[in-house]
Amino acid sequence: MKAWQFTGTHQPLVLNEVPDPEPGPGEVVLKMTAAGLCHSDVGVLEDEGWLSMLAKLPITLGHENAGVVAAVGEGVTDYAVGDRVAVCPTTAVGAPGYGYDGGFAEKMAVAAEALVPIPEGVDDVYGAAATDAGMTSHAAVITNGGVKAGDTVGIIGLGGLGQIGARVAVLAGATVYVAEVNESVWPLAEQIGAAGVAASITDFPDVTFDVIVDFAGFGTTTAQAVDAIRRDGTVVVVGMGKLESTISTKSLILNQCILRGSNGGTKEDIVGVYEYMKTGQLKPETTTIRFDEIAEGLERLHRGEVKGRLVATFD
């Protein structure tokens, strides 16, 4: 079969011919239907720091995966051939594309314990996007942010994750304000149901925020969130636009700000996203490409030319 493989930093992905996978005990083989492309994939290609996270070289990338069960290994009883499933990248078996060959291939082998059924009413493109962008956004807003009906929430950044996070907060019953420097995407905030949109979270001086989720993480954005949060409010940092932030300890202390990071999520977060998706109320913006365009798609991501979440589909 064909697989897009990473062979070394600063090298383009290579489309290799590799053996078809066989399911081991407790595993299934998926016939891939959709695989999301992520900025962390670009990071693997560009930064040597990612090498320590990879189990082997070459390795097939792809950690946002949806497919149909094509074969089951010994001991697998919860899934059968023909089941539509997605792969959670944060279980004990590790992340596809890092700990083992991922989904930028026609087939992939994966432990059954990492699978999440894709419900009727959720297509494979959304099924794949929910496993990272959706999971991470849901975990940040609901699991770690604790957003509930009646809260006033600030969302910083309206990219692939922020748009999902903002919509999840709206669907949870919160009043949502969006901070996004790119004015061309401001209409999306209105479509999501935001009560207001501006360039910075500081542009809402009369709003009292219970929770602010920083999907941008550009250092100054986190500092501004700590300044803007109400007393005893929560600031959740997801984005890693910059790896450092200088915050006001005065604001942190006087606001008694709960400042926490949010990294990934769980199978339960994926299920939570699917619950919103299957009602038709959560429809994140996506751009689709073909399997043979994956390497080019990563270049487009690197150049900042992609709107929403980029997902490759398989014939």
Checklist line | Spacing of Q163 atom CD and R309 atom CZ [to the nearest 0.5 Å] | finding: 9.5 Å

Next item on the list: May I ask you to decide whether E293 forms a salt bridge with R300, counting only side-chain N to carboxylate O separations under 4.0 Å?
Entry: no

Notebook entry, point to check: Does W186 reach the main-chain N or O of V178 with its side chain, forming a donor-acceptor pair under 3.5 Å?
Noted result: no

Notebook entry, point to check: Passes side chain to side chain contact (heavy atoms under 4.5 Å, CB included), D203 versus I201? Steps please.
Noted result: CA-CA 5 Å; D203 293 334; I201 203 69; over 6 Å; no

Item checked: Backbone N/O of Y126 and side chain of D123: donor-acceptor pair under 3.5 Å -> yes

Next item on the list: State plainly whether one hydrophobic cluster holds both L61 and W4, where clusters connect Ile, Leu, Val, Met, Phe, Trp and Tyr through side-chain heavy atoms under 4.5 angstrom apart.
Entry: yes

Next item on the list: Would you check if the side chain of D151 reaches a backbone N or O of K148 as a donor-acceptor pair within less than 3.5 Å?
Entry: yes

Notebook entry, point to check: Just by distance, do the side chain of Y79 and the backbone of V28 share a donor-acceptor pair under 3.5 Å?
Noted result: no

Next item on the list: Might you work through the side chain to side chain contact (heavy atoms under 4.5 Å, CB included) test for E120 and K278, ending with a clear yes or no?
Entry: CA-CA 7 Å; E120 290 295 326; K278 73 181 185 181; over 6 Å; no

Check: Nearest 0.5 Å, what's the CZ-CD1 distance between R167 and I164?
Finding: 12.0 Å

Checklist line | Closest approach of F218 to G241 (non-hydrogen atoms, all atoms of both residues) | finding: CE2-CA, 3.6 Å

Item checked: Linked, directly or transitively: L161 and L282 (ILVMFWY side chains, under 4.5 Å) -> yes

Checklist line | salt bridge (Lys or Arg N to Asp or Glu O under 4.0 Å) between K2 and D292, intermediate numbers included | finding: CA-CA 10 Å; K2 294 180 179 180; D292 60 6; over 6 Å; no

Next item on the list: For residues G219 and S245, report the shortest heavy-atom separation together with the two atoms involved.
Entry: O-OG, 2.7 Å

Notebook entry, point to check: In the single-linkage hydrophobic clustering (I, L, V, M, F, W, Y; side-chain heavy atoms under 4.5 Å), do V141 and V176 co-cluster?
Noted result: yes

Check: Is there a path of hydrophobic side-chain contacts, each under 4.5 Å between heavy atoms of I, L, V, M, F, W or Y residues, that connects V226 with V236?
Finding: no

Margin query: So does G265 get a backbone contact from the side chain of T90, meaning a donor-acceptor N/O pair under 3.5 Å?
Written below: yes

Note to self: Taking the side chain as everything from C-beta on, heavy atoms only, tell me whether V238 gets closer than 4.5 Å to T136.
What the structure shows: yes

Margin query: On a heavy-atom basis, which atom in I155 and which in G162 lie closest, and how many Å separate them?
Written below: CG2-O, 3.9 Å

Checklist line | Closest contact, heavy atoms only, G102 versus P96 | finding: CA-CB, 3.9 Å

Notebook entry, point to check: Does a side chain donor of either H10 or E48 reach within less than 3.5 Å of an acceptor in the other side chain?
Noted result: yes

Check: Do D214 side-chain atoms and G217 backbone N/O form a donor-acceptor pair below 3.5 Å?
Finding: yes

Note to self: For the CD atom of E296 and the CZ atom of R290, what is their distance to the nearest 0.5 Å?
What the structure shows: 8.5 Å

Next item on the list: Begin with the C-alpha distance, continue with both residues' side-chain angles, and end with the deciding distance and a verdict on salt bridge (Lys or Arg N to Asp or Glu O under 4.0 Å) for K242 and E244.
Entry: CA-CA 6 Å; K242 298 283 187 182; E244 294 180 346; over 6 Å; no

Next item on the list: Answer with yes or no whether the side chains of T266 and D269 bring together a donor and an acceptor at under 3.5 Å.
Entry: yes

Checklist line | Point-to-point distance, once rounded to the nearest 0.5 Å, from CG of L310 to OG1 of T287 | finding: 6.0 Å

Notebook entry, point to check: Do L51 and T9 touch side chain to side chain, with heavy atoms closer than 4.5 Å?
Noted result: yes

Next item on the list: Would you please classify the geometry between the Y177 ring and the F209 ring as parallel, tilted or perpendicular, with 30° and 60° separating the classes?
Entry: perpendicular

Next item on the list: Taking the side chain as every heavy atom from C-beta outward, state whether I192 and L158 have any pair of such atoms under 4.5 Å apart.
Entry: yes

Note to self: Is there a side-chain contact between V68 and L30 in this structure, where contact means two heavy atoms from C-beta onward sitting under 4.5 Å apart?
What the structure shows: no

Check: How many angstroms lie between CD in E113 and SG in C88, if you round to the nearest 0.5 Å?
Finding: 10.0 Å

Check: Is the closest side-chain heavy-atom distance between M108 and M32 below 4.5 Å?
Finding: yes

Margin query: Could you check whether any side-chain N or O of R84 sits under 3.5 Å from a backbone N or O of V122, counting only pairs where one atom can act as donor and the other as acceptor?
Written below: yes

Next item on the list: Could you tell me whether a side-chain N or O of Y274 sits under 3.5 Å from a main-chain N or O of P119, the two making a donor and an acceptor?
Entry: no

Margin query: Per the side-chain hydrogen bond (donor to acceptor under 3.5 Å, both in side chains) rule, what does the pair list look like for residues 253-265, sequence neighbours excluded?
Written below: N144-R260, N144-S262, R231-Q256, D232-Q256

Notebook entry, point to check: Tell me, do V197 and E190 make a side-chain contact under 4.5 Å, heavy atoms counted?
Noted result: no

Checklist line | Donor-acceptor side-chain pairing of Q5 and T60 below 3.5 angstrom | finding: yes

Margin query: Checking F291 against T313 for the side chain to side chain contact (heavy atoms under 4.5 Å, CB included) test, could you report, in this order, the C-alpha distance in whole Å, the side-chain angles of both residues, the deciding distance, and whether it holds?
Written below: CA-CA 6 Å; F291 169 74; T313 59; over 6 Å; no

Check: Given T131 and V116, is the side chain to side chain contact (heavy atoms under 4.5 Å, CB included) satisfied, shown in steps?
Finding: CA-CA 9 Å; T131 63; V116 181; over 6 Å; no

Next item on the list: Indicate yes or no: at least one non-hydrogen side-chain atom of Y98 is less than 4.5 angstrom from one of P89.
Entry: no

Notebook entry, point to check: Counting heavy atoms not belonging to M1, are there more than 12 under 6.0 Å from its CE?
Noted result: yes

Item checked: salt_bridge(K56, D101) N-O dist < 4.0 Å -> yes

Margin query: Working to the nearest 0.5 angstrom, can you tell me the gap between L171 CG and T279 OG1?
Written below: 7.0 Å

Check: Which atoms form the tightest heavy-atom contact between S251 and D227, and what is the distance?
Finding: OG-OD1, 2.6 Å

Checklist line | Heavy-atom closest pair, residues V213 and A140 | finding: CG1-CB, 4.0 Å

Check: Is I156 reachable from I142 through a run of hydrophobic residues whose side-chain heavy atoms are each under 4.5 Å from the next?
Finding: no

Checklist line | Short side-chain to backbone donor-acceptor contact, D47 and G49, under 3.5 Å | finding: yes

Note to self: Has K31 got a side-chain atom pairing as donor or acceptor with G82's backbone, closer than 3.5 angstrom?
What the structure shows: no

Notebook entry, point to check: Taking side chain as C-beta onward, heavy atoms only, is F104 less than 4.5 Å from L13?
Noted result: yes

